[in-house]
Amino acid sequence: MTAASPPGFPAERVLVVGLGHPDRGDDGVGPAVARLAARLVPDGVTVVEQQDPAGLLDAWEAAQMVVVTDAVRSGRPPGTVQVLHACHGPLPVRTGAGDTHGFGLAEVIELGRALGRLPPELVIVGVEAEQFRPGEPLSPRVAAVGDAAARAVAEVVRCA
């Protein structure tokens with residue numbers, strides 16, 4: 001099922017990114033949610049999965065609106081879904097597990113802000129993580145909210 005094009009941006013200029021490593025526990029929630037959201041967003045919206053946060057600066061270059069779904073840590077219960085607007089200031093949460101050098105989504109956003117390389121609209125749909133153990137699947141509480149997080153992504157895209 002798909003919906004009409006978002007009112008504020010042409011669908012072809014909207015990018016949804018599932019950020020994370022599928023084999024690192026809850027860090028895989030971003031790609032899992034992106035796969036689910038791909039069935040809910042309007043035709044023409046690009047949906048991709050990406051493991052390296054630093055690659056976002058190039059990935060979102062032509063987009064007018066970007067929705068990134070990722071694991072977050074804010075102290076809320078595991079599985080809590082949060083919608084965060086990143087264009088207005090630093091993220092109030094830690095994101096994902098980052099890469100091996102600890103460079104995660106929050107750092108990429110701040111680098112993009114400093115370089116003037118943020119998209120006009122940048123929204124994070126974060127899922128509160130429980131664990132990031134290598135070789136582990138999503139924790140049950142995080143896996144249980146995949147559909148709700150995907151609906152949140154689709155709602156953000158529709159309301160832009």
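Numbers for residues simply follow the sequence, beginning at 1.
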Side-chain donor/acceptor of E107 to backbone N/O of G104, under 3.5 Å: yes
Please report the shortest heavy-atom distance between P119 and V66, naming the atom on each side. CG-CG2, 3.6 Å
Is the backbone of M65 close enough, under 3.5 Å, to the side chain of R13 for a donor and an acceptor to pair up by distance? no
For R117, what residues pass the salt bridge (charged side-chain N to carboxylate O under 4.0 Å, His left out) criterion, not counting sequence neighbours? D58, E61
Which atom pairs, donor and acceptor, lie under 3.5 Å between side-chain atoms of residues 144-155 and protein residues at least two apart or in another chain?
from : atom 1 : to   : atom 2 : distance (Å)
E155 : OE1    : R158 : NH2    : 3.1

Mind checking whether L36 and V48 sit in one hydrophobic cluster, side chains of I, L, V, M, F, W, Y counted as touching below 4.5 Å? no
Who passes salt bridge (charged side-chain N to carboxylate O under 4.0 Å, His left out) against R35, sequence neighbours left out? E49
For S74 and E128, which heavy atoms make the closest approach, and how far apart are they? OG-OE1, 2.7 Å
Looking at every non-hydrogen atom in both residues, tell me the closest pair between L138 and A32 and how far apart they are. CD1-CB, 4.2 Å
Flag side-chain contact, heavy atom, 4.5 Å: Q51 against P22: yes
Which heavy atom of P120 sits nearest a heavy atom of Q64, and at what distance? CD-O, 3.3 Å
Of the non-hydrogen atoms in Q131 and R73, which two are nearest, and what is the gap between them? CA-NH2, 4.2 Å
Is it possible for you to say whether L122 and L19 belong to one hydrophobic cluster, with membership spreading through side-chain heavy-atom contacts below 4.5 Å? yes
Would you call I109 and I124 a side-chain contact if the rule is heavy atoms closer than 4.5 Å? yes
Distance-only, no hydrogens or angles: does the T69 side chain make a donor-acceptor pair with backbone N or O of V125 under 3.5 Å? yes
Side chain proximity check, D70 to D27, heavy atoms < 4.5 angstrom: yes
In the structure I gave you, are the side-chain heavy atoms of V127 and D26 within less than 4.5 Å of one another anywhere? no
Of the non-hydrogen atoms in E130 and V142, which two are nearest, and what is the gap between them? N-CG2, 4.2 Å
